[in-house]
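What you see is a predicted model, and the numbers here were worked out from it, not measured in a lab.
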Amino acid sequence: MTLPLAGVTAVVTGASRGIGRSIAHRLAGAGAEVALWARDANGLREVAAEIHALGGRAQPIVVDVTSSEAVNGAADLVRQTMAPTKIVVNNAGAVVRKPTIAISDADWRRVLAVNLDGTFFVTRAFLVDLTRSGGRVINIASIAGREGTALLAAYCAAKHGVVGLTRALAEELRAAKVSVNAICPGSVDTAMLREGMPGVAPDMSPEDIAQAALFLASPPPYGAPDAMTGSCLDIFG
């Protein structure tokens, strides 16, 4: 069986649960060595154990993506202990559901820090690696990055920012053969959906999003063409 991602490292943020967990499993199943990043040490160990039990390779690394210092330190650890990094999946996210008038400064900063700052910090930390290998960046945005949703002003602002960052980086890195794409899911069966949109029936599972991520991460003929960059895959009705 051909493993399209054999011999490379994939960094997945927010890997301890939900969409990140499913993406980590998919990429490991395709042969990648997966650097599992999140703040939840116990959750990361569980995911790593699951991947190891299936014959894959994964290393749990506790890191807060809102800290550029922490991100740079974790990136150095990946370089020192793992295969060359060719794939970065920015999945870490946070949501606050409140009327705008009730959103505190701390709420606003946290949501933008996790969703937008984290995406920027992690991508920047691996740019040297990615440009050396013709790598792939996959940003998990949201339907909230394409449309507006009442009571989710901070989250919408952050995810619109992720979409804009995706498109700007795609143009900047085109000559270096680094593809930068985003996935914009609708309602996915995760704890974040239940927190941000209570009562909404999910349209899909985390595995559905992981399937799209595997396509974007994999080279031809297994996955996305090298020329596919700056795209935002809308996975909602």
Side-chain angles (χ1 to χ4, degrees), residues 5 8-15 19-20 23-24 27 32 34-35 37-38 63-76 78-79 84-94 109 111-147 154-185 209-210 212-220 223-235:
L5 302 182
V8 305
T9 289
V11 177
V12 181
T13 71
I19 292 172
I23 290 174
L27 299 186
V34 184
W37 286 21
V63 57
D64 180 355
V65 299
T66 69
S67 164
S68 61
E69 208 171 89
V71 165
N72 291 338
D76 285 341
V78 170
R79 291 187 192 97
T85 299
K86 191 163 184 174
I87 300 158
V88 171
V89 182
N90 290 300
N91 167 74
R109 289 171 183 147
V111 173
L112 265 71
V114 176
N115 293 285
L116 185 53
D117 293 357
T119 296
F120 170 70
F121 291 155
V122 175
T123 303
R124 183 180 63 182
F126 285 101
L127 280 183
V128 171
D129 309 82
L130 295 170
T131 54
R132 186 182 299 123
S133 63
R136 298 193 169 204
V137 178
I138 303 162
N139 297 327
I140 307 302
S142 170
I143 186 175
R146 308 290 261 168
E147 302 177 358
Y155 187 69
C156 287
K159 291 301 189 181
H160 273 75
V162 170
V163 169
L165 178 61
T166 298
R167 289 175 170 155
L169 284 174
E171 294 306 314
E172 183 176 333
L173 300 175
R174 189 183 295 273
K177 307 299 183 184
V178 177
S179 70
V180 187
N181 296 292
I183 300 173
C184 296
I209 309 308
L214 178 60
F215 169 73
L216 291 176
S218 301
D226 292 332
M228 183 176 177
T229 190
S231 297
C232 297
L233 300 185
D234 293 337
I235 308 181

Write down the atom of [X], the atom of [Y], and the distance for their closest heavy-atom approach.
X: Pro185; Y: Ile209; answer: CB-CD1, 3.7 Å
X: Thr131; Y: Ala176; answer: CG2-CB, 3.9 Å
X: Ala94; Y: Tyr155; answer: O-CD1, 3.3 Å
X: Ala15; Y: Val12; answer: CB-O, 3.4 Å
X: Trp37; Y: Ala74; answer: CZ2-CB, 3.5 Å
X: Pro225; Y: Pro220; answer: CA-CG, 3.8 Å

Rounded to the nearest 0.5 Å, what separation is found between the [atom1] atom of [X] and the [atom2] atom of [Y]?
X: Glu147; Y: Asp234; atom1: CD; atom2: CG; answer: 8.0 Å
X: Ile138; Y: Ile23; atom1: CD1; atom2: CD1; answer: 7.0 Å
X: Asn181; Y: Leu169; atom1: CG; atom2: CG; answer: 11.0 Å
X: Ile183; Y: Ser231; atom1: CD1; atom2: OG; answer: 11.0 Å
X: Phe121; Y: Leu116; atom1: CZ; atom2: CG; answer: 9.0 Å
X: Arg167; Y: Cys232; atom1: CZ; atom2: SG; answer: 4.5 Å

Can you name the one residue among [options] that meets side chain to side chain contact (heavy atoms under 4.5 Å, CB included) with [X]?
X: Cys184; options: Ile143, Leu233, Val163, Ile235; answer: Val163
X: Ser218; options: Leu5, Leu27, Ile87; answer: Leu5
X: Asn90; options: Val162, Thr166, Val122; answer: Val122

Spell out, as yes or no, whether a donor-acceptor pair under 3.5 Å connects the side chain of [X] to the backbone of [Y].
X: Thr13; Y: Ala92; answer: yes
X: Arg136; Y: Ala224; answer: yes
X: Thr229; Y: Val180; answer: yes
X: Lys159; Y: Ile140; answer: yes

| message | For Val137 and Phe126: C-alpha separation, side-chain torsions, deciding distance, then whether side chain to side chain contact (heavy atoms under 4.5 Å, CB included) applies. | response | CA-CA 10 Å; Val137 178; Phe126 285 101; over 6 Å; no
| field | Neighbour count >12 (heavy atoms, 6.0 Å) for atom CZ, Arg109 | value | no
| message | Any donor-acceptor pair under 3.5 Å linking the side-chain atoms of Thr119 with those of Asn139? | response | no
| Would you call Asp226 and Arg174 a salt bridge, using N to O less than 4.0 angstrom? | no
| request: Please examine the side chains of Arg124 and Ser68, heavy atoms only from C-beta on, and report whether any two atoms are closer than 4.5 Å. | output: yes
